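Below is one structure, written out as structure tokens; the observations come after it.
Both counts, for ligands and for their atoms, begin at 1 and track the order of listing. Computed from a predicted structure; not experimentally measured.
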Amino acid sequence: MKTLVQDKPSLQVFEKLESEVRSYCRSFETVFAKAKNAKIWDVSGREFIDFFAGAGALNYGHNNDRLRGKVVDYMLADGVTHSLDMATAAKESFLLRFQETILKPRGLSYKVMFPGPTGTNAVESAMKIARKVTGRTGILCFTNAFHGMTLGSLSITGNSFKRMGAGVPLSQSVFMPYDGYFGEGVDTTAYIEKLLDDPGSGVDLPAAIILETVQGEGGLNVASKEWLRKVESLCRKRGILLIVDDIQMGCGRTGTFFSFDEAGLAPDIVCLSKSIGGLGLPMAITLIKPEFDTWAPGEHNGTFRGNNLAFIAAAEALHYWENEQLEQEIKRKAELIRVTLERLVKQHPELKGRLKGKGFIQGIAFDKPELADKLCSLAFAKGLIMETSGPRSEVAKLMPPLTIEFDVLEKGLSILTESMKELALTAGKEQ
Ligand SMILES: *Cc1c(COP(=O)(O)O)cnc(C)c1O
């Protein structure tokens with residue numbers, strides 16, 4: 001057999017055999033083979049720093065020793081890997097640890113549902129249960145929201161390109177302006193309340209309001225604590241369920257385990273996925289307040305709701321949240337990211353960039369959207385992986401693993417700094 005190792009890895013096989021739908025491999029044109037924490041290598045041995053972290057599925061890094069060790073031991077001991085929703089020792093250990101480490105210290109009480117392996121499964125199940133509990137059908141969602149690619153999740157996702165892919169009308173959702181949509185100083189919750197209470201508004205009382213506390217795919221829009229609390233309270237006053245989609249912002253991305261910890265919310269339903277499985281293994285959970293857990297057995301189902309390898313890695317990953325150490329590390333490193341981005345924006349006023357995001361998901365939004373993609377391409381050529389987000393892909397975003405070593409973070413930021421300089425040179429030439 002011919003070896004794949006060449007000077008410049010070829011994407012021929014993928015171009016020939018894989019569907020046109022593939023996307024990330026078009027931005028990061030190489031063939032990857034190996035990865036450790038915040039570094040990833042291609043088949044020719046080229047090293048990249050990973051500021052993408054599986055879109056938030058790798059908060060604990062690639063091949064985290066602690067998590068991988070547990071999974072390997074479990075497999076070598078012939079532990080059950082697939083179990084539908086049968087009771088297994090691995091699931092039991094996850095449930096207990098989640099209770100002890102995450103829910104109990106926060107005074108939160110939830111039943112844990114395993115809706116299927118991916119984030120969108122958690123969102124679909126959350127909408128189903130909200131509709132079942134309230135007997136209402138509408139879901140109130142927000143501009144620039146992203147909730148997944150299945151029909152229900154797409155119906156509450158803002159991006160028109162993704163929505164068009166559905167091929168059928170998307171219904172039962174009503175979009176409202178997210179915090180900051182009309183700029184600072186406009187409280188969009190006042191608008192929402194007015195519409196909900198006005199019998200002439202045309203807006204029916206919804207079953208639920210679903211939101212992200214920071215819109216990741218939507219362009220790193222951060223909702224304020226006050227806004228979040230107002231949304232929670234307007235839900236309470238009207239018997240609307242509050243669903244927080246913490247699939248990307250949860251598991252520490254914004255600095256705390258739940259992204260709503262600081263705001264002190266107690267959502268009725270919480271969706272988690274991406275990094276809950278620890279090692280990048282597919283896993284999702286839907287947290288439901290006990291009084292709303294009205295499912296009949298098997299009313300929601302799925303073959304892959306018992307990924308025991310993910311349960312093992314997930315249980316081990318929760319050890320990171322037993323003390324303050326990781327949180328403090330995130331804070332320290334997030335500060336370095338913030339200061340660096342602020343400096344870059346200041347040093348290159350001609351690029352018209354603005355700082356966005358918080359914690360371990362920050363980035364630069366450009367007035368000229370195409371600059372974000374150019375910046376990411378320049379960075380990739382220098383060995384740094386980062387992606388764009390936002391409705392016009394106008395934000396170059398950084399989301400390294402939370403466990404990134406300080407010196408690797410510094411190196412990644414210095415590649416970004418070089419890339420900004422180069423961007424300023426090329427963009428200047430084009431003007
Ligand atoms: C990624 C994501 C989803 C969808 O998760 P999948 O695993 O891709 O189905 C839903 N909501 C948010 C906020 C996400 O970031």
Side-chain angles (χ1 to χ4, degrees), residues 21-24 52-59 113-128 130 139 141-159 161-163 165-166 170 173 175 178-179 208-223 228 242-254 257-260 265 267 269-287 300 302-305 307 310 314 356-363 387-391 393 395 397-399:
V21 78
R22 65 196 194 282
S23 68
Y24 295 125
F52 189 29
L58 292 162
N59 284 5
M113 172 186 181
F114 298 92
T118 76
T120 199
N121 297 138
V123 173
E124 295 283 352
S125 67
M127 287 195 284
K128 278 192 194 176
I139 307 286
C141 52
F142 291 99
T143 49
N144 287 312
F146 179 80
H147 295 292
M149 299 301 286
T150 51
L151 284 186
S153 302
L154 265 185
S155 74
I156 51 171
T157 289
N159 188 293
F161 172 65
K162 300 238 159 62
R163 291 175 66 84
L170 298 169
S173 52
F175 283 81
Y178 192 70
D179 193 18
I209 293 185
I210 185 165
L211 60 84
E212 303 150 87
T213 65
V214 178
Q215 296 182 318
E217 300 304 311
L220 313 196
N221 310 312
V222 181
L228 291 170
L242 176 63
I243 306 171
V244 172
D245 177 349
D246 230 8
I247 289 170
Q248 191 171 63
M249 294 307 141
C251 302
R253 186 49 59 185
T254 64
F257 183 82
F258 289 119
S259 70
F260 51 84
L265 305 186
I269 303 173
V270 181
C271 301
L272 283 176
S273 185
K274 293 218 161 85
S275 274
I276 190 70
L279 207 55
L281 298 171
M283 176 173 167
I285 56 177
T286 313
L287 306 176
H300 182 96
T303 307
F304 290 108
R305 289 172 303 131
N307 182 354
K356 304 244 358 216
K358 85 184 257 200
F360 251 59
I361 177 146
Q362 302 188 63
E387 245 296 29
T388 60
S389 84
S393 304
V395 183
K397 73 176 172 193
L398 287 67
M399 44 188 317

Euclidean distance, Leu287 CG relative to Asp246 CG, rounded to 0.5 Å: 9.5 Å
Met149, portion touching ligand 1 at heavy-atom distance under 4.0 Å: neither
Verdict with supporting geometry, Asn144 and Tyr178, side-chain contact (heavy atoms from CB on, under 4.5 Å): CA-CA 8 Å; Asn144 287 312; Tyr178 192 70; over 6 Å; no
Shortest reach to atom 10 (C) of ligand 1 by a heavy atom, considering only Glu217, Glu124, His147: His147
Residue that, paired with Met249, satisfies side-chain contact (heavy atoms from CB on, under 4.5 Å) out of Thr254, Val222, Leu272: Thr254
Test side-chain contact (heavy atoms from CB on, under 4.5 Å) applied to Val244 and Leu228, step by step: CA-CA 10 Å; Val244 172; Leu228 291 170; over 6 Å; no
Ligand-side contact atoms (ligand 1) for residue partner Thr120, heavy atom cut-off under 4.0 Å: 4 (C), 5 (O), 6 (P), 9 (O)
Residue of the set Ile247, Thr120, Val123, Ile139 for which side-chain contact (heavy atoms from CB on, under 4.5 Å) holds with His147: Val123
Min N/O separation Lys274 to ligand 1 under 3.5 Å: yes
Heavy-atom donor-acceptor pair, Gln248 side chain to Arg253 backbone, under 3.5 Å: no
Ligand-side contact atoms (ligand 1) for residue partner Asp245, heavy atom cut-off under 4.0 Å: 10 (C), 11 (N), 12 (C), 13 (C)
Distance flag for atom 8 (O) of ligand 1, protein heavy atom under 4.0 Å: no
Atoms in ligand 1 with a heavy atom of Thr118 nearer than 4.0 Å: 7 (O), 9 (O)
Any N or O of Gly119 closer than 3.5 Å to N or O of ligand 1: yes
